Amino acid sequence: MRILVTGASGFLGTRLSTALEAGGHEVVRLDSRNCDLTRTDSLDRYHGRRYDQIYHLAAWTQAGDFCLHHAGQQWIINQQINTNVLAWCHRCQPQAKLIAMGTSCAYAPDRELVEENYLEGRPIESLFTYAMSKRMLYAGLLALRGQYGLSYLCLVPSTLYGPGYHTDGRQMHFIFDLIRKILAGKLLGAPVVLWGDGHQRRELVYVDDFVEITLRLAASAENDLVNVGAGEEFTIREFAQRICGLVDYPFERIVFDAGRYVGARSKCLVTRKLRQYLPDLRLTPLDQGLDRTIRWFWSHRELLIRPAPQTAAPQPSSSCQLSVASCQLSEGETVGSDHQQTTGN
Ligand SMILES: NC(=O)c1ccc[n+]([C@@H]2O[C@H](COP(=O)([O-])OP(=O)(O)OC[C@H]3O[C@@H](n4cnc5c(N)ncnc54)[C@H](OP(=O)(O)O)[C@@H]3O)[C@@H](O)[C@H]2O)c1
């Protein structure tokens, strides 16, 4: 098939595009450098080709408190990106199936995280704009389906993890942040402080499992919204314990700061519909996924383990980007930022 992928340089887009190419498809990979989707004319030069599938992954966001502090920009940029992609699909690619990404943050925290509730209630305040722009993306799919017969699939991923995450210093999704803190505690001897009592529960999906699910659903599910989660969640303590076991760091040395706000106590997608579509689905066991992720993390430790901007004293020199043997933190400084609990995805 001929396939176009937006957001192809991202954590998910890189692995999805590679899997599509490995499956023998012709893939056009778009990112913000070769096609700035905030521009209305950005897709003009792709008019000439007909695509069978368009995977729309591009979004302007990060984990942690990024959404809280960039709400206005996020509203403008993500609305532009989504509107331009949907309008182009309608105008120039009516034959294509559009596979778009939603977010579990779109669900209101007081409702069951089941597909029927995706547009119900009010999303959590700190992720409100990001969540609403994803709801609007879904609303756009429904509208174009209703008026013009667009063929679509909207997937709602839980937090994804695995090798190949960003190494550019941006805020990390909670599991990467946990790994970073614990590895830095081991390597630098710094205190590892996690926010909250550690009993808040979170769900993860291994990125390659998500890619496989996406490819299978793209071939079998039509005009539907589908949650993609593991169907089980673990406490932050359990994640930390497993990471400690895998990197050989004493769990007892972790300090839980119970006075801190940590967002929702629990966040687990209902996956009944996913299981109906894919009854034979087998997911990567958590320990195996964590092991692979930590190995990847370890091989990029020079880039990934460093004091967080908000807690770090002014950097004396670039050597503090962690040369494992030589870098020391300032006295009393904790390693890493503290967004392992807010899980903006
Ligand atoms: N990762 C998760 O846990 C998770 C969970 C739920 C939903 N999702 C959704 O899944 C999708 C992929 O997630 P991800 O983690 O792979 O995201 P990501 O790593 O942040 O990648 C975002 C992608 O969007 C592109 N992009 C940003 N602004 C753009 C613009 N103006 N024009 C064109 N492209 C632009 C980026 O290009 P550059 O690299 O050039 O900036 C990048 O390729 C997103 O829609 C996200 O909301 C992700």
Side-chain angles (χ1 to χ4, degrees), residues 4-19 27-43 46 54-64 66-67 70 73-74 76-86 88 98-107 113 118 123 127 129-138 141 153-177 202-211 213-214 225-230 267 269 289 293 339-340 342-345:
L4 183 135
V5 181
T6 76
S9 59
F11 174 48
L12 172 59
T14 304
R15 296 186 90 85
L16 177 71
S17 303
T18 301
V27 180
V28 173
R29 298 185 185 218
L30 302 185
D31 57 41
S32 68
R33 286 168 300 277
N34 64 15
C35 182
D36 178 2
L37 291 167
T38 62
R39 296 170 51 101
T40 48
D41 61 354
S42 58
L43 287 159
Y46 301 95
I54 295 170
Y55 289 83
H56 175 38
L57 276 51
W60 192 72
T61 194
Q62 289 183 29
F66 182 87
C67 297
H70 297 83
Q73 277 171 288
Q74 277 209 308
I76 294 168
I77 292 173
N78 286 324
Q79 294 289 98
Q80 286 174 330
I81 290 175
N82 293 336
T83 303
N84 288 334
V85 169
L86 263 63
W88 181 72
L98 179 56
I99 298 113
M101 295 299 140
T103 177
S104 59
C105 309
Y107 285 108
L113 276 58
Y118 193 71
L127 300 165
T129 306
Y130 171 62
M132 292 303 284
S133 69
K134 288 293 193 180
R135 282 189 178 184
M136 283 302 286
L137 172 59
Y138 178 51
L141 296 172
L153 174 66
C154 188
L155 300 181
V156 183
S158 214
T159 303
L160 306 177
Y161 78 112
Y165 195 69
H166 298 281
T167 57
D168 56 5
R170 72 180 64 185
Q171 296 197 42
M172 295 178 170
H173 285 89
F174 80 93
I175 192 68
F176 299 96
D177 204 42
R202 295 292 181 262
E203 178 189 25
L204 288 177
V205 175
Y206 190 66
V207 64
D208 290 340
D209 290 343
F210 185 81
V211 167
I213 290 167
T214 301
L225 176 88
V226 184
N227 285 343
V228 180
K267 198 174 163 193
L269 293 172
T293 309
H339 47 265
Q340 74 275 0
T342 50
T343 321
N345 59 19

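Side-chain atoms are counted along with the backbone in the values below, which use heavy atoms only and exclude waters and symmetry mates. Keep in mind it's a predicted model, so treat the numbers as computed, not measured. For ligands, and for the atoms within them, numbers begin at 1 and follow the listed sequence.
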Within the 4.0 Å heavy-atom shell around [X], which atoms of ligand 1 are there?
X      : result
Gly102 : 7 (C)
Leu37  : 30 (C), 31 (N), 32 (N), 33 (C)
Thr38  : 31 (N)
Lys134 : 44 (C), 45 (O), 46 (C), 47 (O)
Arg170 : 20 (O)
Cys35  : 32 (N), 33 (C)
Ala8   : 43 (O)
Ile81  : 28 (N), 29 (C), 30 (C), 31 (N)

Any N/O of [X] closer than 3.5 Å to an N/O of ligand 1?
X      : answer
Met101 : no
Pro157 : no
Ile77  : no
Gly7   : yes
Leu30  : no
Tyr130 : yes
Phe11  : yes
Asp36  : yes
Thr103 : no

Can any side-chain N or O of [X] pair as donor or acceptor with the backbone N or O of [Y] at less than 3.5 Å?
X      : Y      : value
Tyr165 : His173 : yes
Asn78  : Trp60  : yes
Arg202 : Ile175 : no
Thr38  : Gln80  : no
Tyr118 : Thr103 : yes
Gln171 : Gln62  : no
Asp208 : Val211 : no

Tell me, please: is [X] in heavy-atom contact with ligand 1, that is, under 4.0 Å?
X      : result
Thr6   : no
Ser42  : no
Ala100 : no

**OP:** State, yes or no, whether a side-chain contact exists between Leu30 and Leu43 at a heavy-atom distance under 4.5 Å.
**Re:** yes
Subject >> Partner of Leu141 under side-chain contact (heavy atoms from CB on, under 4.5 Å), chosen from Leu98, Asn82, Leu153 >> reply: Leu98
Original post:
So which heavy atom on Cys35 is nearest to which on Ser42, and how close?
Top reply: SG-O, 3.4 Å
Subject >> Closest contact, heavy atoms only, Arg135 versus Ala106 >> reply: NH2-O, 2.9 Å
Original post:
Taking it one step at a time, do Arg33 and Ser9 satisfy side-chain contact (heavy atoms from CB on, under 4.5 Å)?
Top reply: CA-CA 10 Å; Arg33 286 168 300 277; Ser9 59; 3.9 Å; yes
Original post:
Looking only at heavy atoms, is any part of Gln62 under 4.0 Å from ligand 1, and if so is it the side chain, the backbone, or both, or is it neither?
Top reply: neither
Original post:
Which word best sums up how the rings of His70 and Phe66 line up, parallel for under 30°, tilted for 30 to 60°, or perpendicular for over 60°?
Top reply: parallel
